[in-house]
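Presented below is the structure to which this report refers.
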Number of protein chains: 4
Amino acid sequence: MPLPRNGPVRSEAARQAVLRATSELVNEVGYDHLTIEGIAVRAGVAKQTIYRWWSSRSAVVAEALVEGLLLSDHLVVPHTGSITADLHSWLQGLAGLLEDPQRAGVMTSIITAATQNAEIASHLREVLAPTESLIERLTAAVGEAPNLRLDTPIDTLADMIVGAVLVRVMSRHPLDQSAIDDLVAAVTGTK
Amino acid sequence: MPLPRNGPVRSEAARQAVLRATSELVNEVGYDHLTIEGIAVRAGVAKQTIYRWWSSRSAVVAEALVEGLLLSDHLVVPHTGSITADLHSWLQGLAGLLEDPQRAGVMTSIITAATQNAEIASHLREVLAPTESLIERLTAAVGEAPNLRLDTPIDTLADMIVGAVLVRVMSRHPLDQSAIDDLVAAVTGTK
Amino acid sequence: MPLPRNGPVRSEAARQAVLRATSELVNEVGYDHLTIEGIAVRAGVAKQTIYRWWSSRSAVVAEALVEGLLLSDHLVVPHTGSITADLHSWLQGLAGLLEDPQRAGVMTSIITAATQNAEIASHLREVLAPTESLIERLTAAVGEAPNLRLDTPIDTLADMIVGAVLVRVMSRHPLDQSAIDDLVAAVTGTK
Amino acid sequence: MPLPRNGPVRSEAARQAVLRATSELVNEVGYDHLTIEGIAVRAGVAKQTIYRWWSSRSAVVAEALVEGLLLSDHLVVPHTGSITADLHSWLQGLAGLLEDPQRAGVMTSIITAATQNAEIASHLREVLAPTESLIERLTAAVGEAPNLRLDTPIDTLADMIVGAVLVRVMSRHPLDQSAIDDLVAAVTGTK
DNA sequence: TACTAACCGAGACGGTACGTCACGTCTTGAA
DNA sequence: TTCAAGACGTGACGTACCGTCTCGGTTAGTA
C-alpha cells in the first residue's frame, strides 16, 4: 500500500519508512553496499525525499542508529555480584552477539560509518555498551579490586575496555573465553 | 617515460607504481575517494593490470600498508626512563602526528579499510604502535608500577591502550594532555 | 549550453542530439569505428541515456536512418522520357554519389549495420533508391521495353536492380558506364 | 595434444589449426563475436602467431573462405532440363540451405566480413553460386527464353540474380516458393 | 471557496566508476 | 627464427549509483 500524501508538511510515514528500510538493508547487505537508491526503492519513497531531509547516506544511518533501529539489543552491564563476575557476564553476552554473523556485520557497518560521520562516531561506545551503564558499574566497584582505586580515571578505563573489544572485532579475532578472562584481569588486577 | 615490458612475467615496475600511486592518493583524497581508475591513471598503468594482481581496492591498500608506504613514521615506544615517562613521550608523539590533518586522515582511511580487509585489520595495531615495541616496553616495566604485575596480561593491555586511542580518533576527540595523563594513569595505576 | 531537463519524461533534445551525433560519426569514421561512448561524448549526453532508449548500437543507427539523417540525398528515379534514359540517368546519379568516398563509406556502413539489424535491413533498398519511386517508374514502363511485360514481377525486378548495384558496391567494383549500360540492357532487353 | 614446434620455419600445423578454429567459431558465434583471442585459444596457438601471418581478423576469415572451410556445400547450378527447371532447382537448394539458421548465419557473417575485406567481397558471389557455374548455365540457355538473348549481358544478369537473393537474405525475407517463381520469371521472361 | 506553496512518488538526466573483454605489442625461454 | 605463453597499455563495453532536475498529483493554510 502506498504511503499517504500529506500536502505541504513533512510525511512522518515517509521518514519512518526510510529509517526502517535503512535498518533492514544494513542488516542484509552492510553499510558498504547500502545505497540511497536501494533505500528509496525499499521504502517506496522518492530519492528526492531522502535528499531533502538527509545530507548524506551516513546521516540516514546515524538517525536510524539514534532511533534504536539498528541495534535493538542494548547490553546493560549487570550489577549483581562482584565486578569480576559482572564484567564476565556482560562480555560473554557481547561475545554471544558477535557470534551471529549478521549482528557482527552490523557492528562492522557501524564502525565503517563512524569513520565518515561524527554523530555515529559519538555513539560508537554505546554500540558495545551503554556508556553510563559501564561507567556506573565501574564506579560502583571502586575499592573492590586492586586496579579500581579512587584515583582511577573511570571513563578512560571504559574507553580502554570498549577499545579493546573494538580492536578484536576489527581484527576479526574472536572474543573467546581467554580473551574475556584477560580483559577482566587487566581491568581489575585480579586473576 | 613508459614502463619497460618484461614479457610473460609480472612487471615489478608496474607493481611498485601501483603501490606508490595508492599511497599518494590515500594521502591526498583518503580511502573513501580512492578509486581503481584513479590509481591506474596516477601509476600510468592499465586498470586490468591492477585487477590482474589484486582482488579489490582494499587489497591494494593492504599491500601498500605492508610495504610501509602508507605510514612511514613508525613511532617506537622509547625505553629511556620510567614507564610513565616513556608512555607519555610516545603518546605525545602520537598526538603530534594526529594534529597533522593529512596523517590523521590516513589513519582514518586505514581504519575504514580495515573493516573491509582482514590483512589491513591485522596491521591495525601497528599503525598506532609497533606492536612488539609496545609489548616489550610494557613487559620490561613489570613490577615498576602498581598495575603492571607479573600476572598482568600484557598483550591484552596493549590492545586496550591502542583501542582507547582508536576510540578517540574515531570519535574525533583530541588526544590532549589530560587524555594522555588519564590513559597513562589507568595503565600504570599511578597518578 | 547543457540540454534542458524535462522531468520524468523523455528528453526530445537528448534524443535528437544522439541521432545527430550518430549521423556525423558514421560519416566521419564509419560504422565499424562507431562507439556508444563516442556518440555520447559528441552528443553531450550520458551513456546511460543511450542505453535507456536504444538496445544496441545498430538500433541507434537504424533510427538515425529512419529519420533521414544518414542519407539526405534520396535519389528519385526520374520520369521524363524513355525508361532506358530514366534508368541511365538515375544510375549515373547513383554512380556520382558512390564516387564520393565519404558517401560510399556511409553506404558500406549501412550495409554492415543491416547484417545486424532487421530494421536497417528493411530500409536497405531505399538507401539506393526510394522503393516506390523505382517500382512506380518500372510499372509505368510496362510495354515500353521487351523485358517489361504485363506479367513481369516488378518488385522482384527492383530487387534485382538494387541487388546488382549492391554486389558491385560490396565487391568494390566501380559502377562505371559499361556496368550501367549492361544493367539497363538486362532490365529492359534493349541494347 | 600440443602442436609440434618447427624451429625457424612456418608451422603448417599452426596455420591449419587457426583456419579450422576460425571456421568453427564463425559457425558457432558468427563473425561479429569472432575474436583473435578466441581463435588463438581454440587453435592452441599464440596470438602472436596469428598477428605474424595475418593482417587482420577479416584476413583470417578470407583465407578460411578460400580454403573452402567456411561453406563446404557449393551449390552447382544443374544442367539437366530447361533453364526454368534448372534455376528453380538451384534456388530451391539454396533456400534449403538458408533455412538452416547456422548456415544462414555463416552467410550473414560472410556478408559482414565482405564489407571489411576486398578478398572476401570478391568471393561473395561464389558464396551463393559458383560464378562460372551460373554464368555457364545462363550462357547455354541463350535463345531458350524470351529474356535470354544473344545480346543479354550474362554476367550482369548473374549479378542481378545473386544480388536479389542477397537483398532477401539481408532483409530477412524468406526465399520462399513465390519469391523463387518471381525471380525465375524475371530472369527468363516466362511465367 | 478558490489559490498558493510545499511535499510527495516517479523517474529522466549528465556524470563517475565499476569490473570485464579484446585489442595489438611486447618479452621470455624452449625447439 | 618460430612458437606458446601471457603481461602490458589502451579503449570500449554495459551496469550501478550519484546528486540534480522536472513533472503531476496531493493537501494544508491563506486570501
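Being a predicted model, the structure only gives us computed values, none of them experimental. Chain letters run A, B, ... following the sequence lines, proteins first and then strands; every chain starts at 1.
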Discussion item. Near DNA chain F, counting only heavy atoms under 4.0 Å, which residues of residues 46-58 of chain C show up?
Written reply: C:K47, C:Q48, C:Y51
Practice prompt. Give the rounded distance in Å between these two atoms: CD1 of D:I36 and P of F:dG6.
Written response: 19 Å
Worksheet entry | Residue D:R57 excluded, over 12 heavy atoms near CZ under 6.0 Å | yes
Item to complete: Round to a whole Å and report the spacing from NE2 of C:H33 to C1' of E:dG24.
Response: 13 Å
Discussion item. Using a 3.5 Å distance criterion without hydrogens, assess whether the side chain of A:S109 forms a donor-acceptor pair with backbone atoms of A:G105.
Written reply: yes
Worksheet item: Between F:dC23, F:dT27, F:dA5, which nucleotide gets closest to the side-chain atoms of B:P8?
Response: F:dA5
Worksheet item: How long is the gap from OH on A:Y31 to CD on A:Q116, to the nearest 0.5 Å?
Response: 4.0 Å
Practice prompt. Could you tell me the separation between the CG atom of A:L34 and the P atom of F:dA16, rounded to a whole number of Å?
Written response: 17 Å
Discussion item. Distance check needed: E:dA12 P versus C:E12 CD, whole Å only.
Written reply: 15 Å
Worksheet item: Under the side-chain hydrogen bond (donor to acceptor under 3.5 Å, both in side chains) criterion, do A:T115 and B:T108 qualify, and how do the steps go?
Response: CA-CA 6 Å; A:T115 62; B:T108 307; over 6 Å; no
Worksheet item: Does the pair D:R42/D:E28 count as a salt bridge with the N-to-O cut at 4.0 Å?
Response: yes
Worksheet item: In whole angstroms, how far is the C1' atom of F:dA5 from the CD atom of D:E37?
Response: 12 Å
Discussion item. Rounded to whole Å, how long is the line connecting atom CZ of A:R15 with atom P of E:dC7?
Written reply: 16 Å
Practice prompt. Please report, rounded to the nearest Å, how far the P atom of E:dC23 is from the CG atom of D:D32.
Written response: 13 Å
Discussion item. I'd like to know if A:R15 and A:E67 make a salt bridge, using a cut-off of under 4.0 Å between side-chain N and carboxylate O.
Written reply: yes
Worksheet item: Could you give the CD1-to-P distance, from B:I39 to E:dA17, as a whole number of Å?
Response: 12 Å
